[in-house]
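The structure displayed is predicted, hence computed values, not measured ones. Reminder, nothing fancy here: chain letters follow the sequence lines and each chain counts from 1.
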Amino acid sequence: MIEVSNVHHAYGERQVLKGITLTLSERRIAIAGSNGSGKSTFARLLNGLLLPDRGSVTVDGLDTRRDGKAVRRKVGFVFQNPDNQIVFPVVEEDIAFGMKNLGFDKAEIARRTNEILSRYGLEDHRTHPSHLLSGGQKQLLAISGVLVMDPDYIVFDEPTTLLDLRNKKRVIEAINALDQTVIVASHDLDLLSGFDRAIVFDAGKVAFDEVPGIAFERYIKTMT
Amino acid sequence: MFELYHPGTSVLHRLPAGFKILTLVIAGTLIFLASDLPIVAAFFAATAGLYYVAGLTLASAWAQIRPVVWILAVLFVAQGLITGWTMAVFIVLRFASLLMLAGLIALTTRTSDMIDAMERGLWYLRYIGVNPAKVSLALSLALRFIPVLATITRDVREAQKVRGLERSIVAVAIPVIVRTLRMSDDISDAIEARSYDPKI
Amino acid sequence: MTTRDIVYVALFAALTAALGLFPPLTLPVIGVPITAQSLGVMLAGALAGSKRGGLAMVLFLALVAAGLPLLAGGRGGFGIFLGPSGGFLLSWPFAAFVIGWLFERHGGSPPFGLSLAYLALAGIGLVYAIGIPWVAFAAAIPFSKAFMGSMAFVPGDAVKVVLAAVITRAVRKAYPDWSSGK
């Protein structure tokens with residue numbers, strides 16, 4: 001369970017989050033909202049990439065400010081642009097990076113790498129330059145690099161925004177197949193429609209917090 | 001993806017990369033100490049011979065010199081007029097041999113092996129207070145992002161073509177650099193999100 | 001060195017490689033080709049700062065030495081350093097460091113005129129101070145001849161000083177929250 005209590009966050013003068021309090025316990029949670037609504041900032045607070053200016057975020061009782069390292073182990077993060085998340089020149093090296101940071105031994109790294117590559121049909125690309133993958137494959141590689149670290153929660157920041165329709169479908173399937181608790185910040189309603197809960201942000205505050213159908217209907221109404 | 005390596009199975013291909021680099025450094029130093037034309041000529045002939053051993057053609061040896069051939073030509077003429085033609089031959093042969101030897105190593109060693117050898121060499125840096133793991137990460141990141149930045153540069157040049165600015169360094173460099181800086185924020189977040197701890 | 005520092009070092013090395021992809025432009029009248037690559041040296045110093053900029057150049061040169069054809073015109077390999085122009089390349093980390101250091105005296109953005117002076121001082125002065133003796137030594141020619149020969153490249157480098165100053169100023173405007181820390 002992730003508990004967010006009275007969180008404020010600003011970039012310089014610009015107040016992006018204005019007192020957010022939420023308890024996240026559902027398995028599939030959508031964070032929606034227009035650009036600048038604060039949803040990406042909110043997502044980054046959940047694994048301690050950003051720390052709140054005021055208020056607190058705890059993951060299973062661990063405070064992101066105090067127990068940053070342990071929180072990052074629990075909460076994986078997938079970025080909008082896989083090109084910025086893939087940090088190694090070769091596919092298998094990139095998958096191994098997080099596991100090496102956690103101190104896994106070679107045999108375990110190899111075992112998990114094999115498993116994840118076959119899960120996403122990337123076996124043939126194992127030793128390929130990551131640069132040569134398609135957009136969808138890159139996003140799957142980014143997800144792989146996070147999954148092998150065995151997080152309990154995975155936060156996605158607009159995972160489908162930069163993909164074409166076919167790749168988008170593949171990535172949505174992959175996200176829907178995950179066993180972990182998934183929190184997705186996005187305005188891709190195709191991706192979010194089957195979720196358990198939808199939280200719509202507007203101007204740094206929670207505007208609606210409902211099941212997706214109702215929340216999105218109201219969200220679209222306010223937009224038009 | 002982009003390397004000079006020429007696949008093969010010769011002795012030279014199989015020698016460890018670190019050994020080849022060391023040999024080059026030593027040979028390069030020694031040849032600068034040599035002062036006789038016959039020694040340099042023998043060195044040149046031996047280097048050319050190694051191309052044969054590696055199963056490479058003399059054309060690929062020539063390819064190592066070709067990019068700087070005009071510099072060598074200028075050097076030859078200048079040297080000939082200033083100090084005499086024997087000296088000119090000596091100097092030009094010395095450069096040509098070194099370029100060929102260095103080229104030979106590039107042709108017979110995978111870049112990845114070369115970088116592995118460098119990373120192993122990096123461990124000695126910790127005695128002077130450099131963290132080899134960080135250097136190694138920087139090396140990997142550079143290899144990862146060279147093709148990314150090359151693509152971005154190409155894209156921006158394409159976009160500027162519409163305005164006839166594709167050859168303007170300023171009009172291309174500014175958007176490329178701004179995008180690079182924005183990227184760098186995400187990349188550092190992505191590294192830390194995967195439990196990288198810079199304090200280790 | 002924070003993670004962010006490491007990323008900047010790697011990206012400025014990669015950026016210098018990307019600048020090598022520009023077709024060289026030939027200055028009218030003098031006819032010497034100039035490449036955009038050495039612009040990377042000045043930008044690394046001016047934008048990434050002394051330590052990060054200098055290290056970015058060390059990294060770039062290490063990759064060239066490893067055999068990647070990253071120098072303008074697709075050149076690479078250890079041999080480059082042993083050739084006549086080796087000293088110019090080896091001066092790059094020092095030049096980037098000094099430019100960064102001078103820029104840091106002014107919180108990263110000195111007045112335009114001063115940034116021109118700084119870029120010229122280290123980007124041309126220091127580079128030639130290391131490069132020319134090397135040419136003289138490696139090619140066994142008198143220092144004065146090496147000096148005269150190198151002067152042909154000064155106009156091209158002067159153009160690059162102006163470009164680097166213009167680009168640095170524009171990038172800082174476009175990305176104001178960017179700081180070149182130490």
Taking everything shown except C/Phe147 itself, do over 12 heavy atoms lie less than 6.0 Å from its CZ?
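At most 12 heavy atoms, drawn from other residues, nucleotides or ligands, come within 6.0 Å of this atom.
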
Count the heavy atoms of every other residue, nucleotide or ligand shown that sit under 6.0 Å from CZ of C/Phe112, and state whether that count exceeds 12.
yes

Do any of residues 86-94 of chain C have a heavy atom less than 4.5 Å from a heavy atom of chain B, and if so, which, in residue order?
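None at all.
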
Between [options], which shows the greatest number of heavy-atom pairs under 4.5 Å with chain C?
{"options": "B/Ile177, B/Val178, B/Leu24", "answer": "B/Ile177"}
{"options": "B/Asp113, B/Val92, B/Val176, B/Leu149", "answer": "B/Leu149"}
{"options": "B/Val170, B/Leu101, B/Leu72, B/Val148", "answer": "B/Val170"}

If every non-hydrogen atom of [X] is compared with every non-hydrogen atom of [Y], which pair is closest and at what distance?
{"X": "B/Ser184", "Y": "C/Tyr8", "value": "OG-CE2, 2.9 Å"}
{"X": "B/Leu141", "Y": "C/Ala10", "value": "CB-CB, 3.4 Å"}
{"X": "C/Ala36", "Y": "B/Ile169", "value": "CB-CD1, 3.8 Å"}
{"X": "C/Ala18", "Y": "B/Ala150", "value": "CB-N, 4.3 Å"}

Of the backbone (N, CA, C, O) and the side chain (C-beta and beyond), which part of [X] lies under 4.5 Å from a heavy atom of chain B, both, or neither?
{"X": "C/Leu63", "value": "side chain"}
{"X": "C/Leu59", "value": "side chain"}
{"X": "C/Phe81", "value": "neither"}
{"X": "C/Leu39", "value": "side chain"}
{"X": "C/Ala56", "value": "neither"}
{"X": "C/Ala138", "value": "both"}
{"X": "C/Ala140", "value": "both"}

Measuring from atom [atom1] of [X] to atom [atom2] of [Y], what distance do you get when rounded to the nearest 0.5 angstrom?
{"X": "B/Asp189", "Y": "C/Thr3", "atom1": "CG", "atom2": "OG1", "answer": "9.5 Å"}
{"X": "B/Ile187", "Y": "C/Ile6", "atom1": "CD1", "atom2": "CD1", "answer": "12.5 Å"}
{"X": "B/Leu181", "Y": "C/Arg172", "atom1": "CG", "atom2": "CZ", "answer": "9.0 Å"}
{"X": "B/Ile152", "Y": "C/Leu15", "atom1": "CD1", "atom2": "CG", "answer": "9.5 Å"}

Select one option (side chain, backbone, both, neither) describing which atoms of [X] are under 4.5 Å from chain C's heavy atoms.
{"X": "B/Met87", "value": "side chain"}
{"X": "B/Thr180", "value": "both"}
{"X": "B/Arg94", "value": "side chain"}
{"X": "B/Phe145", "value": "both"}

When heavy-atom pairs shorter than 4.5 Å are enumerated against chain B, which of C/Ala170, C/Gly149, C/Ala14 gives the highest number?
C/Ala14

Are any of the side-chain nitrogens in C/Arg4 or B/Asp185 under 4.0 Å away from the carboxylate oxygens of its partner?
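Between B/Asp185 and C/Arg4 there is a salt bridge, with a charged N closer than 4.0 Å to a carboxylate O.
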
Go through it in stages, so that I can follow the logic: the residues are B/Ile146 and C/Phe60, the test is side chain to side chain contact (heavy atoms under 4.5 Å, CB included), and I'd like the CA-CA distance, side-chain angles, deciding distance and then a yes or no.
CA-CA 10 Å; B/Ile146 287 168; C/Phe60 175 75; over 6 Å; no

Look at the side chain of B/Lys134 and the backbone N and O of C/Met1, then say whether any donor-acceptor pair between them is shorter than 3.5 Å.
yes

